[in-house]
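Everything numeric in this text was worked out from a predicted model, so none of it was measured. Throughout, a chain's letter reflects where its sequence line sits, starting with A, and its residues are numbered from 1. Only heavy atoms go into these numbers, but all of them, side chains included; no hydrogens, no water, no symmetry mates.
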Amino acid sequence: MQFKNKDFSDAREVLNVRNLRIGLTGRPNAKPVIDGIDLTIRAGETHCLVGESGSGKSVTSLAAMGLLPKSALEVQGGSITLDDFEITSASHSQMRQLRARRIAMIFQEPMTALNPVLRVGEQIMEVLNMHSDLSPSEAKKRTLDMMDQVHLPDVNRIFSAFPHQLSGGQRQRIMIAMALILDPDLLIADEPTTALDVTTQLQILKLIAEMQERHGTAVLFITHDMGVVAEIADTVTVMQQGQIVERAPIAELLTNPQKEYTRTLLTAVPNLTPRPARAAASQSEVVRVAGLDMTYGGGGFFRRSEGVRAAQDVSFTIQPGRTLGIVGESGSGKSTVARAIMRLIDPTAGSVNVAGTEIAQLSRRQLRDHRKHLQIVFQDPYRSLNPRWTVARSLCEGPINFGVPRAEAMRHAAELMELVDLPRDALDRYPHQFSGGQRQRIAIARAVAMKPDLLVADEAVSALDVSVQAQVLDLLDDIQERFGVAMLFITHDLRVAAQICDEVLVMQRGEVVEYGPAGEVLANPRHDYTRNLIEAAPGRHWDFANYRVLDSATMTTGATA
Amino acid sequence: MLVYILKRVLATIPVMLIVAIFVFLLLRLTPGDPAAILAGDAATPAQLERIRDRLGLNDPLLTQFFTWIGQLVRGDLGVSLLSNTSVAGMLGDRLGPTINIALMTITISVLLAVPMGVIAAWRHRTWVDFLVMSFSVLGFSVPVFVIGYILIQIFAIELRWVPVQGYKAPSEGIGPFFSRAILPSLTLATIYVALIARMTRASMLEVLGEDYIRTARAKGVRENVVLFRHALRNAAVPILTIIGTGFALLISGVVVTESVFNIPGIGRLTVDAILARDYPVIQAMILLTAGIYVFVNLLVDVSYSFFDPRIRY
Amino acid sequence: AQDGETTITAVMHSGLRVLDPVITTAHITRNHGYMIYDVLTAVDENFEPQPQMASWEVSEDGLTYTFTLRDGLVFHDGAPVTGEDVVASLKRWGKRDGGGQLIFDVTESLEASDEKTVVWTLTEPFGPLLSVISKQSAVPPFIMPKRVAETSADETITEYIGSGPFVFNQDEYEPGVNVTYEKFDDYVPRDEEASWMAGGKVVNVDRVVWTTMPDALTAINALSAGEIDYLEQVQIDLLPILDASPEVTVETRDDLGYVTIGRPNHLHPPFDNKLVRQAAMAALDQESMLQTMQGDPAYYNVCGAIFGCSTPLGDEADAEIVTGGADPEKAKALLEEAGYDGTPIVLMAPTDVISLINQPVVAAQALREAGFEVDMQSMDWQSVVQRRAQQSPVSEGGWNMFFTNWMVPEISDPLTNVMVSGRGDEAWFGWPDDPEVEELRAKFMKAEGPEAQKEVAVEIQKHVMDNVNYIMMGEYLIPQARRNTIQNMLPSPVPVFWNMTKEAE
Amino acid sequence: MIEQPQSRHSAFQVLTGLLSLPAGARVGIGPMLAALTLVTIVLASILAPLYVPYDPLAMNSAARLKPPSDEFLLGTDPYGRDTFSRVMVGGRVSLLIGVGAALVSVAVGLAIGLVAGFFRMADSIIMRIMDSLMAIPAILLAIALVALNGPSLGSVIIAITVPEVPRVVRLVRSVVLSAREEPYVEAAIALGSSMPKILIQHLMPNTMAPLIVQGTYICASAILIEAILSFLGAGVSTEIPTWGNIMAEGRTYFQIKPGLIFWPGLLLSLCILSINLLGDTARDLLDPRMKKREG
Ligand SMILES: Nc1ncnc2c1ncn2[C@@H]1O[C@H](COP(=O)(O)OP(=O)(O)OP(=O)(O)O)[C@@H](O)[C@H]1O
Ligand SMILES: Nc1ncnc2c1ncn2[C@@H]1O[C@H](COP(=O)(O)OP(=O)(O)OP(=O)(O)O)[C@@H](O)[C@H]1O
Ligand SMILES: [Mg+2]
Ligand SMILES: [Mg+2]
Ligand code: NI
């Protein structure tokens, strides 16, 4: 693993943040959101801002753009200067002049950051119209040129496409083109790749690096993915609760973190080395899925439509106490498989045998009795709990459905709270009174309360930040050990899969491309697709938890660092 | 697109049929006897009976219904029981004023309400917002006829800018049309403006919180461009929807406004017909207004795709 | 309209929807009839029949009437008016009009003996024949072309051609909204001065447009603003608004005015009991009802004469009970005597006809004060119209009482006044089975000369006051308003547009 | 689901969007004032019979259309009845109509909407019928219904309710349809909850906030529609004073005695204003998303 190691001390300081304080509008005495931070970014430098969710990364970047939501947040002290121009006191029109021309920004969600009703070409060209006096044809030429530079294919067609007609990666390229078309001094990228799958992520990261190279732009890159940081950063700033914890050149930070918090952050990053497979609790199978097929839609009254074949001929088995991971890029059919097994959708074909019962063809009513054998934990901890129900009520719902008396269900719920390490009084609270990680633990407790034979976790940790993610993974591990449940774990994060799975099944466009023990598949992928996935994982050669390069012995792939 | 429109048009058939059955039954269950109004106060029961026979009002309900549906299918709307003139003809005379006033109302409302809503959303939770929204709620909370009287009092009686009442078709000159249509349109617009302004504001508020608005600002786009180019088009669909469904409200308003301003439109015709139990006229009118409503909402749905390229049929 | 044409825009009391003046008794249709049709004979302001299209001769025995058409009578399509047309028109009318039916009951023959002569032969003398065919309400015998008059009397005519002073403009007719009449250039007026429906109908304007305004206030404002020329009826309470407009004149065109009456249902308890009916009559008070309706005493007249106070047959004999104010004590005593058991009286109250809204409300209060239980049921006028035709008991959709209004000429004699008919089920709604009154009406028909007729009329008056066939609630006037440019308007119960002139403003 | 943005613009949003008023729950002063106004008006109306100086039905033909005086606080109407007494007592009936119409349409609409949102089979039939009802102009339907039953209090409420029901049904249905997709509903299915249980315990509470908003809207518009019905001669009898029929009776006197329209109109507008404002506040308070923001 090589880190960037260019020295920037002579380079021009593009952005200078001094003792910045940002607090809630009109409430100067409340605890500030940003509490006196300093930040310097120099020309050509890639400065990564990391830290847990809510630590103030986005707020800092918005402040630099002069885009703080005025009604909620305001600068309460300190200064932000862009080449000696003071941003905190700039007027609206001054700021407008500055944006795009001197300082540009790429946002996280390529889905929502583009205006869905305007053609993407126009959206890029708008920047030129606003800030230059190019003629329309020149502007268009310049736009097409820029689109070419970000490696968009078939630029003429894409120019007049609407955002929804583009893939996520293409949209993000449009965002980048838009941000860089006026060659700004500073580019702020707020989690620009988090929503993309690994392969696309890699392309975008390369693209940003390339553009930076070409234009000498200073980049403020915000992310919570340490892998990405390892890949691209020159300098890293770690933030926690609105304050700066530590700042260091990348190599220094990763090999020798000074602060406890930085260390926790790094330790929590799962590494890509698969853990040793565990012994099955018994040879019997809890789940046997064979030839599962799922086609969405199709039919139709006027036109017979094709339908989406979201899963084709998926077969696997899981033994008690073992975890099967399903990995694959977005849209490959992972959730479809999970929902078919849960019978939340009716599979088009195939058999699903859970705990000895064939459930693929059961009627809704018959199915109800078998529900207790299989439970699911969803990705989004906000939405998978009824916001109007107390935790206790959510936890008791399942057992009561199966005839457990309320009092007993309540008692059991209290025990479960202990199991997932939440205070007992949490039972009487509502979901919105918990953090994301706590909520996910409640959801897990709810599933476990049914004493299922199979626990399906569909991206159960993807929405959580690394440190919380680590806690939840530990919890799942613990539960599995204790109750010996079989687990179907769905993720797009290979690091997570490596940490938790005994076996891995790789899906691409609805089909299983590879299925085998985790060690085998991840360490020694046979299929190109799997290999691409692994290679695209950023920072894969670094063992964050141990501040060192990954033991090359376990890295038998032929990839070069 | 065409397939979609065709599908929608086909889907209106059951709706219109239900409307037809419903209206027919409702009317025949309603007390009142067109023969009696035809014959006047001094008619004797025997005379009434003979007239009822003539008008076919003594036939079994089912026969009456199928006769009517049969006529409808042949495009015959029947003949008014009272005036003995063809319903289609009456409809032709009366539709124009209502449609013209409605169009003018919608135009005025949209021109007024959309900017109002946009500005209120932009200046969310400031006094501008409060003022705009209070005005809209006020439009909601005063009965239409009171607004009509107030406007007449001010503009026709005190200021004498426009006539008190009446209607002139645009073909008789834009000036005369405009001067007579402006007050009724304004009267009707008060409800509509309220409706659209509130919807615009709500929809804009939602859109203004979207990421792409932040993107636009990050590009250094001017605020008016942000509002009208980036935000408004995205906010358009619910606004259009409310214009469509609010059309029903407009028709209710029309009934009253046409009385206050003495406009010979279909609203008044229908109320008169209901009060006189002129069945063929009521049936045709309600079918017609229901049809217009359905059509307007079809137009609205189709226009979605004009504003939002993601919507394709 | 072309330049120099004079057009009168008049707002009438209601929209014209029915164009057949024979099939309906609606006033607006009658008014329309007078515009485009002419009549054989017509009453003048003294209730005297006068020749209009025809002069007449009566045989000594009173059995043969010979009518001779005057010269120059043509229909709007250019065809001359002939005896045949007259006969057909009279026959169709005779099927619809109450008075007409009585005459045809005693008719031996009605024939056109030549182009200009019509002979009407009776089987027995019918004293009031001329006044019946000259009456201006409810259904006057308008003369139409034969082919039109041959339409069944239960079906509306579809061709609107008359020989009257105005021509109906079919193209500009919007039912219920606008009617346009044009001057009939070939109309030859009589030489006499116009008086009521009689005399020379000289038309001095080119067009008359009748329109309707559903909103009374709008109509007044439109008149003040000069957008219309004439308003047939003005609500008394709104007169102060017109005071502010010097260019507008408010006046009463028709000094006879209207009466408002209450009609009890004689078929069902409690009003099948004469004492209860008398109690109701005693409980009601003309003064307060009229005052509520009209406000200004100048526009109403306490009057107990069932044929009207200013008509030849009108007499207030025994009317003290209705004119002398409410007497709840007397009513209570009568109820006591009748053994009224507190059955609620279903009083139908229309909500959509302005001139009928007040009466039931005032009556309900007065009746309650006198010890009646009143169930005032609101409904639109159409529902009243249908329900009042129900003979079933109250519990099955029947009724006990409603109020309505008449023009005085419509109730001015025992033959036109349908409410004095006592023919049970065939009588007007309320169905009194009253042989006594029927005898008196027969006597009236045979009565020769005004004195004899008046004598019978007074007897009927006394009988009705005792039997309470209906309750006379008094007379009222409705003023009209016109721009001062409108001059020479004839005083008449029917608003007529001949004689009238319009100056340029 | 970017490809199907219609879902974002459901009837639910259209309707709730309608009722958004500026002063948010946080501001507080607007809703407080509204609540105060409403409570005052409601109390004044309910208690009216205790303090009004005259029987609101007592006619006195000698005292018609009197101007305001010590004797008659707000003057008298064309029947010589005391306007003040009528307006205060009229509030009772108007509010009753408003609340009655709101309760009935919400209850009926909720039941039908839940069924429609839940049983796919019933859905298309119910929705066709609801579409038809929506297509018939409400006011004409109301006139016809009133003509059918006579303009009693009950039939006016029914007449106002019938056209509102389809809107409520659409609202409830759309909430149910979108809430069905929530992971917590799927979780409940996975936990073996029966469909009726899910419908009532998980889905129905979601409809409450929009229904309260919608209910206030119906309440306000019912009071107005009642006035319009009276204007068209299809309102409740003058023996039952309501703001609507007081105004409708007074409309001819608009130029001579504006008080007949002004006073009931003022109370009516204040009421509707407050109801709308409170509805909006209620929505803010009931919306879990709002809570989330605070928490
Ligand atoms: N509009 C706002 N109103 C009030 N508080 C806000 C607002 N935006 C952010 N905050 C608060 O500021 C703090 C920092 O938020 P910020 O969005 O910068 O976090 P972040 O580091 O970007 O987190 P993430 O990794 O989840 O994006 C948080 O506590 C958040 O609650
Ligand atoms: N309800 C549905 N109707 C139609 N198509 C669907 C539906 N749900 C998913 N699909 C399609 O099926 C395919 C597989 O979707 P699925 O949700 O299983 O992917 P996934 O692997 O879970 O992706 P992600 O990582 O983004 O969650 C996709 O192409 C998706 O568009
Ligand atoms: Mg952030
Ligand atoms: Mg998924
Ligand atoms: Ni979407």
- Message: If you compare all heavy atoms of Leu217(C) against all heavy atoms of Thr252(D), which two are closest, and at what distance to 0.1 Å?
- Response: CD1-O, 3.6 Å

- Task: Flag the pair Asp237(C) and Arg64(D) as a salt bridge only when some basic side-chain nitrogen lies within less than 4.0 angstrom of an acidic carboxylate oxygen.
- Result: yes

- Per-residue contact mode, Glu369(C) against chain D (heavy atom under 4.5 angstrom): neither

- Message: Take a 6.0 Å sphere around NZ of Lys332(C) and say whether it holds more than 12 heavy atoms from other residues, nucleotides or ligands.
- Response: yes

- Query: Can you find a heavy atom in the side chain of Ile357(C) that is under 4.5 Å from one in the side chain of Tyr79(D)?
  - Reply: yes

- Item | Phe254(D) CZ to Leu238(C) CG distance, which is reported to the nearest 0.5 Å | 13.0 Å

- Task: Quick one: which of Val362(C), Thr218(C), Thr292(C) has the most heavy-atom pairs under 4.5 Å with chain D, could you say?
- Result: Thr292(C)

- Check: Asn221(C) and Gln255(D) side chains under 4.5 Å, non-hydrogen atoms: yes

- Message: Looking at Trp263(D), I'd like to know if its CH2 atom is crowded, meaning that more than 12 non-hydrogen atoms belonging to other residues, nucleotides or ligands lie closer than 6.0 Å.
- Response: no

- Between Ala62(D) and Gln291(C) the two heavy atoms that sit nearest each other are N-OE1, 3.4 Å

- Considering only heavy atoms, which portion of Arg368(C) lies under 4.5 Å from any heavy atom of chain D: side chain, backbone, both, or neither? side chain

- Message: Assess the residue pair Arg81(D) and Val361(C) against the criterion (side chain to side chain contact (heavy atoms under 4.5 Å, CB included)); give the C-alpha distance rounded to whole Å, side-chain angles, the decisive distance to 0.1 Å, and a yes or no.
- Response: CA-CA 12 Å; Arg81(D) 299 176 294 202; Val361(C) 181; 4.2 Å; yes

- Message: Less than 4.5 Å to any heavy atom of chain C: does that hold for the side chain of Leu57(D), its backbone, both, or neither?
- Response: backbone

